[in-house]
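By convention here, the first residue in the shown sequence is residue 1. Counting starts at 1 for both ligands and their atoms, following the listed order. Side chains are part of it too, since the values below use all heavy atoms of this structure and drop only hydrogens, waters and symmetry mates.
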Amino acid sequence: MSRSPDHPINSMFFERWSPRSFTGEAIPDAVLQSAFEAARWAPSAMNAQPWRFLLARPGDEHWQTFIDVMMPRNRLWAAKASALVVILSERQLDRRDERVDNHSHSFDAGAAWANFAHQALLLGWHTHGIGGFDNDAARERLAVPDDFAIEAMIALGRQGGIEALHADFHVGEAPNGRRPLAETVFAGTLDVSAFAEEEEAA
Ligand SMILES: Cc1cc2nc3c(=O)[nH]c(=O)nc-3n(C[C@H](O)[C@H](O)[C@H](O)COP(=O)(O)O)c2cc1C
């Protein structure tokens with residue numbers, strides 16, 4: 001499926017997609033720095049910047065741990081990425097003299113990940129979010145303190161050809177679509193009948 005937006009937007013928003021075939025080539029430090037820099041400028045509640053990123057590159061001392069904590073199916077393709085990132089978010093923030101719960105720590109880390117993904121794309125690199133990993137194992141093996149949530153992992157690489165990808169994933173290796181705005185944006189209150197109609201049609 002080729003993507004075409006229903007309304008005018010910058011092309012980076014529909015050109016970003018999540019391939020599973022990666023070339024495995026080395027990623028320049030400058031690309032990583034730019035992607036993390038874009039993430040750094042994301043908005044966050046009280047400018048708390050709850051995001052933190054753990055980075056591994058093929059062959060370094062952390063790479064195998066990052067691969068090990070993934071669900072086996074994700075390992076089949078993500079092992080050919082040029083970098084893997086674990087996204088953390090700090091659950092609390094400082095307000096006046098107090099440590100208080102930050103209700104938007106995950107939301108804000110999501111904004112940072114989107115910046116990261118789009119900046120990487122602008123430099124010719126693709127990202128693929130990964131939620132399929134063992135959160136407890138990641139916490140233990142990467143020594144993540146309890147006051148940080150482990151949100152997701154990211155595989156980052158140059159898109160490879162279909163021949164470089166495990167056969168199980170060939171069918172899904174194409175940009176997907178999106179629900180229309182009419183079923184996404186509501187005047188004031190959520191129109192649950194829109195979902196009922198969807199279910200009837202299914
Ligand atoms: C937080 C998060 C977790 C995801 N987890 C996985 C995963 O474990 N395995 C996988 O193959 N894709 C995973 N994806 C990729 C999504 O399936 C993909 O982003 C979605 O289908 C939209 O497609 P697009 O990114 O190509 O636009 C994840 C994406 C996100 C943002």
Side-chain angles (χ1 to χ4, degrees), residues 1-7 9-24 35-36 38-39 42-44 50-56 63 65-91 104-139 141-142 144 148-162 164-181 183-184 198:
M1 172 193 274
S2 69
R3 289 178 162 179
S4 64
D6 291 344
H7 301 278
I9 54 175
N10 189 290
S11 63
M12 73 174 177
F13 295 112
F14 57 88
E15 284 171 0
R16 185 218 54 79
W17 70 287
S18 306
R20 291 189 178 87
S21 182
F22 290 118
T23 62
F36 286 122
S44 61
W51 48 78
R52 302 287 192 285
F53 304 100
L54 309 180
L55 172 68
W63 180 257
T65 308
F66 281 38
I67 297 288
D68 288 349
V69 300
M70 278 180 208
M71 296 303 159
R73 274 187 72 74
N74 283 329
R75 286 180 211 150
L76 293 175
W77 56 269
K80 280 211 191 146
S82 302
L84 292 169
V85 176
V86 175
I87 308 174
L88 310 179
S89 71
E90 193 172 14
R91 300 182 206 271
S104 65
H105 64 93
S106 294
F107 183 82
D108 295 345
W113 133 251
N115 279 13
F116 181 97
H118 287 113
Q119 182 59 48
L121 179 80
L122 290 172
L123 296 172
W125 295 75
H126 278 78
T127 50
H128 196 131
I130 300 173
F133 64 94
D134 183 332
N135 207 291
D136 294 338
R139 183 171 297 283
R141 293 196 54 188
L142 301 172
V144 178
F148 285 82
I150 307 177
E151 301 287 356
M153 298 179 75
I154 310 169
L156 175 62
R158 272 243 209 248
Q159 190 187 344
I162 197 77
L165 182 62
H166 191 283
D168 281 13
F169 301 107
H170 284 195
V171 170
E173 188 70 349
N176 51 22
R178 289 298 186 268
R179 189 174 59 229
L181 276 192
E183 295 166 28
T184 302
E198 262 174 47

(message) Quick check on F169 - does any of its heavy atoms sit under 4.0 Å from an atom of ligand 1?
(response) no
(request) Verify the ring-centre separation between W77 and H128: is it less than 6.0 angstrom? (result) yes
(request) Using a distance threshold of 4.0 Å (strictly less than), state whether atom 13 (C) of ligand 1 has a protein heavy-atom neighbour. (result) yes
(request) Run down the list S18, G129, G132 and name the one with the heavy atom closest to atom 6 (C) of ligand 1. (result) G129
(request) Measure the distances from the heavy atoms of E173 to every atom of ligand 1 and state whether one is below 4.0 angstrom. (result) no
(request) Can you pull out the closest protein heavy atom to atom 23 (O) of ligand 1? Residue, atom name and distance to 0.1 Å, please. (result) N176 ND2, 3.0 Å
(message) Assess, by modelled atom type and distance only, whether the side chains of R20 and N74 contain a donor and an acceptor separated by less than 3.5 Å.
(response) no
(request) Write down the atom of F22, the atom of A155, and the distance for their closest heavy-atom approach. (result) CE1-CB, 4.0 Å
(request) List every atom of ligand 1 that sits less than 4.0 Å from any heavy atom of R3, numbering the atoms from 1 in the order shown and giving each element. (result) 24 (P), 26 (O), 27 (O)
(message) If we only consider heavy atoms of R73, is any one of them less than 4.0 Å away from an atom in ligand 1?
(response) no
(request) Kindly give the heavy-atom pair with the smallest separation between G161 and S21, and that separation in Å. (result) O-OG, 2.6 Å
(message) Check this for me, if you would: do R73 and D168 make a salt bridge, where the nitrogen-to-carboxylate-oxygen distance has to be below 4.0 angstrom?
(response) yes
(request) Note the single closest protein heavy atom to atom 11 (O) of ligand 1, along with its residue, its atom name and the distance in Å. (result) R20 NH2, 2.7 Å
(message) I'd like to check which ligand 1 atoms, numbered from 1 as shown, lie under 4.0 Å from a non-hydrogen atom of R16.
(response) 24 (P), 25 (O), 27 (O)
(request) For ligand 1, note which part of F133 has a heavy atom under 4.0 Å away: side chain, backbone, both or neither. (result) neither
(message) Check for me whether E151 has a heavy atom closer than 4.0 Å to any atom of ligand 1.
(response) no
(message) Under 3.5 Å between any N/O of W17 and any N/O of ligand 1: does that happen in this structure?
(response) no
(message) Looking only at protein heavy atoms, which one is nearest to atom 1 (C) of ligand 1, and what is the separation?
(response) A152 CB, 4.1 Å
(message) Testing the basics here: between G160 and T23, what is the closest heavy-atom pair and its distance to 0.1 Å?
(response) CA-CG2, 3.8 Å
(request) Run through F36, F66, W113 and flag the one making a side chain to side chain contact (heavy atoms under 4.5 Å, CB included) with V85. (result) F36
(request) Pick one of side chain, backbone, both or neither for how H126 approaches ligand 1, counting any non-hydrogen atom pair under 4.0 Å. (result) neither
(request) Specify the protein heavy atom at minimum distance from atom 17 (O) of ligand 1: its residue, its atom name, and the distance to 0.1 Å. (result) H128 NE2, 4.9 Å
(message) Are any of the N/O atoms on G131, whether in the backbone or the side chain, positioned under 3.5 angstrom from an N/O atom of ligand 1?
(response) yes
(request) Answer yes or no: is there a donor N or O on one side and an acceptor on the other, between the side chain of R52 and the main chain of S89, under 3.5 Å? (result) no
(request) Name the orientation class of the two ring planes belonging to F13 and H118 (parallel below 30°, tilted from 30 to 60°, perpendicular beyond 60°). (result) perpendicular
(request) Considering heavy atoms of the protein only, find what lies nearest to atom 9 (N) of ligand 1 and give residue, atom and distance to 0.1 Å. (result) N74 OD1, 2.9 Å
(message) Any non-hydrogen side-chain atom of L54 less than 4.5 Å from a side-chain atom of L142?
(response) yes
(message) Can a donor-acceptor pair be found, under 3.5 Å and without considering hydrogens, that links the side chain of K80 to the backbone of A164?
(response) yes
